[in-house]
Amino acid sequence: MPELPEVEVAARALRRWLVGAPIARVRTKRSNVVASRLGTLRGQTCSAVERRGKWLRISFDTTTLFSHLGMTGKWVERAPTDRALAHEHAVFTLAERSVRYVDPRAFGRLVLAKRELPAWTALGPDPLLDGVDPARLRGRRAIKDVLLDQSVLAGIGNIQATEALFHARIHPERAANELSDAERAALADGIGWTLQRTLALEDGTEITYLGEKGSENPFVVYGRAGEPCPSCRRALERIVQAGRTTTFCARCQPRRR
DNA sequence: AACGGAACCTGAAAGC
DNA sequence: TGCTTTCAGGTTCCGT
């Protein structure tokens, strides 16, 4: 679920909830999600929360906690006395609040590391922090694959890639090397556009996910196969590449130009 | 080397 | 109504 915008929302919330106050108590459930013994965080104070791509780096006095939200991960704030939530994997209790990690599908990870985590170090430029260099959108692979490669650009997932490709009017199966400079520039622009747009929609402190609480699909083409193209009204189509679905308009995003 | 598929999980929605 | 199938916004491993 979470792509760059949702993780950015989580980072902002964690900054407000964690920075400055010592952790009084840590409780974890054993599962694949909690990959380290987090008890060492007791008594330590968070000094900074950073996001790069879909990863969070949460700095404490003598160690660093890395958090990836997988498909369904979420950080929430509750009263310390509130009962355990469903799929709650970790609870950090501070003075007057408890900060909890919830993840039904359990694809997320909480990992302690002294310095860096290889997964963090391997990340490419972050579109929000570093901007998007169109020259990076190259390779023999399909452009959709390139967009999802976290070492090329960090933070783009299936939704943001789908939206950016539509905005730039580029067919997802075209080879990245085949794009013109103008198309690469349009795609870089589309990435910025969809990230900012999604971020603006994520107004609350907690992440919201499509389909959750019956919320309406806020995206332009993602999840809208069969509906009319917002630009030309032709029915949107869907294709699958390496198991990932892309919704697109066959007229506005032609395979050949 | 590059790419596709399976695996890791649970739950909501669609299909029957 | 209820059981079954399909699908989901991520990543990694494994085989071809």
Side-chain angles (χ1 to χ4, degrees), chain A residues 1-10 29-35 51-56 66-75 84-90 101-111 117-124 126-127 138-167 172-178 190-191 194-195 197-199 201-202 206-227 238-248:
Chain A
M1 69 135 258
E3 302 184 29
L4 188 155
E6 294 81 7
V7 183
E8 175 63 22
V9 169
K29 181 175 83 173
R30 51 174 290 116
S31 70
N32 291 332
V33 172
V34 180
R51 178 198 58 75
R52 179 155 209 95
K54 301 171 194 171
W55 279 94
L56 294 165
F66 288 87
S67 163
H68 193 291
L69 304 181
M71 287 277 268
T72 51
K74 190 183 270 197
W75 286 97
L85 304 165
H87 310 293
E88 181 180 272
H89 294 269
Y101 181 68
V102 178
D103 190 348
R105 287 181 71 180
F107 287 171
R109 290 293 178 272
L110 290 175
V111 191
L117 199 70
W120 173 279
T121 311
L123 294 172
D126 181 283
R138 295 195 160 278
R140 286 183 244 195
R141 293 178 289 167
I143 185 60
K144 172 74 183 303
D145 291 347
V146 172
L147 290 176
L148 293 180
D149 186 336
Q150 301 299 297
S151 69
V152 174
L153 283 175
I156 298 173
N158 207 36
I159 292 183
Q160 299 301 325
T162 295
E163 298 282 289
L165 285 166
F166 175 77
H167 194 260
E173 285 180 322
R174 292 179 62 199
N177 277 345
E178 171 198 325
I191 291 166
T194 182
L195 291 177
R197 179 178 178 276
T198 306
L199 204 47
L201 292 170
E202 290 277 352
E206 272 186 26
I207 300 169
T208 53
Y209 291 123
L210 177 62
E212 206 174 19
K213 62 173 171 60
S215 57
E216 193 133 314
N217 178 358
F219 301 109
V220 176
V221 292
Y222 175 84
R224 297 192 183 280
E227 295 182 32
R238 48 172 288 168
I239 53 166
V240 178
Q241 297 162 268
R244 316 302 303 280
T245 297
T246 308
T247 307
F248 71 107

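The chains referred to below are lettered A, B, ... by the order of the sequence lines, with proteins before strands, and numbering in each begins at 1. Keep in mind that this is a model prediction, so the values were computed, not measured.
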Query raised in the report: Taking atom C1' of C:dT11 as reference, at what distance in whole Å does atom CG of A:Asp149 sit?
Result: 12 Å

Query raised in the report: The side chain of A:Arg238 lies closest to which of these nucleotides: C:dA8, C:dT11, B:dG4?
Result: C:dA8

Requested in this report: Name the nucleic acid region contacted by A:Arg141, choosing base, sugar-phosphate or nothing; use a 4.0 angstrom heavy-atom cut-off, strictly under.
Outcome: sugar-phosphate

Report task. Examine the base of C:dG9 for any acceptor or donor lying under 3.5 Å from a partner atom in the side chain of A:Glu6, and report the outcome as yes or no. Result -> yes

**Report entry** Between C:dA8 (P) and A:Arg224 (CZ): distance, integer Å
**Finding:** 15 Å

Requested in this report: Using the P atom as the reference point in each nucleotide, state the distance between C:dT11 and B:dA12 in Å, no decimals.
Outcome: 23 Å

Query - Euclidean distance, atom NZ of residue A:Lys144 to atom P of C:dG9 [Å, nearest integer] - result: 8 Å

Query - Contact under 4.0 Å: A:Lys54 side-chain N or O vs C:dG9 OP1/OP2 - result: no

Report summary line: When every non-hydrogen atom of A:Ala142 is compared with those of A:Pro172, the smallest separation belongs to CB-O, 3.6 Å

**Report entry** Length of the line joining A:Leu69:CG and B:dC8:P, which is rounded to integer Å
**Finding:** 22 Å

Report task. Answer yes or no: is there a donor N or O on one side and an acceptor on the other, between the side chain of A:Glu6 and the main chain of A:Glu3, under 3.5 Å? Result -> yes

Report summary line: Among C:dG9, C:dT11, B:dG11, the one nearest any side-chain atom of A:His87 is B:dG11

Report task. For C:dT6 versus B:dA7, give the span between their P atoms, rounded off to a whole number of Å. Result -> 15 Å

Report summary line: The correct list of stems in which DNA chain C takes part (3 or more consecutive Watson-Crick or G-U pairs, distances under 3.5 Å) is B:2-8 with C:10-16, B:10-16 with C:2-8

Query raised in the report: Between A:Glu88 (CD) and B:dC9 (C1'), how many Å, whole number?
Result: 18 Å

**Report entry** Residue A:Thr245, side-chain heavy atoms: nucleotide from C:dG9, C:dA8, C:dT11 that is nearest
**Finding:** C:dA8

Report task. Could you give me the CA-CA distance, side-chain angles and deciding distance for A:His167 and A:Thr194, then say whether side chain to side chain donor-acceptor pair (under 3.5 Å) is met? Result -> CA-CA 8 Å; A:His167 194 260; A:Thr194 182; over 6 Å; no

**Report entry** Euclidean distance, atom CD of residue A:Gln241 to atom P of B:dG4 [Å, nearest integer]
**Finding:** 8 Å

Report summary line: Separation of C:dG9 atom P from A:Gln150 atom CD, nearest Å, is 14 Å

Report summary line: From the list A:Thr162, A:Thr247, A:Thr245, side-chain hydrogen bond (donor to acceptor under 3.5 Å, both in side chains) with A:Arg238 holds only for A:Thr245

Requested in this report: Between A:Arg105 and A:Leu148, name the one whose nearest nucleotide on DNA chain C is closer to the 5' end.
Outcome: A:Arg105

Query raised in the report: The side chain of A:Asn158 lies closest to which of these nucleotides: B:dG4, B:dT10, C:dG9?
Result: C:dG9

Query raised in the report: Looking for any heavy atom pair under 4.0 Å, which part of the strands does A:Thr162 touch: base, sugar-phosphate only, or nothing?
Result: nothing

**Report entry** Nearest-angstrom distance, P atom, C:dC3 to B:dC9
**Finding:** 25 Å

Report summary line: Closest non-hydrogen atoms of A:Ala176 and A:Val146, given as atom of the first, atom of the second and distance, are CB-CG2, 3.9 Å

Query raised in the report: NA contact type, A:Gly157, heavy-atom cut-off 4.0 Å: base, sugar-phosphate, or nothing?
Result: sugar-phosphate

Query raised in the report: Parallel, tilted or perpendicular: which fits the ring planes of A:Trp55 and A:His68, with parallel below 30° and perpendicular above 60°?
Result: perpendicular

Query - Residue from A:Lys54, A:Arg52, A:Arg51 passing side-chain hydrogen bond (donor to acceptor under 3.5 Å, both in side chains) with A:Asp126 - result: A:Arg51

Query raised in the report: Can you find a heavy atom in the side chain of A:Val221 that is under 4.5 Å from one in the side chain of A:Glu163?
Result: yes

Report task. Just call it for A:Asn32: base, sugar-phosphate, or nothing, with non-hydrogen atoms closer than 4.0 Å on any strand. Result -> sugar-phosphate

Query raised in the report: Is A:Phe107 stacked on the base of B:dC9, with ring centres under 5.5 Å apart and planes under 30° apart?
Result: no

Query raised in the report: Can you name the salt bridge (Lys or Arg N to Asp or Glu O under 4.0 Å) partners of A:Arg141, sequence neighbours left out?
Result: A:Asp149

Query raised in the report: Touch check for A:Ala242, heavy atoms < 4.0 angstrom, all strands: base, sugar-phosphate only, or nothing?
Result: sugar-phosphate

Query - For atom CZ of A:Arg140 and atom P of B:dC3, their distance in whole Å - result: 9 Å

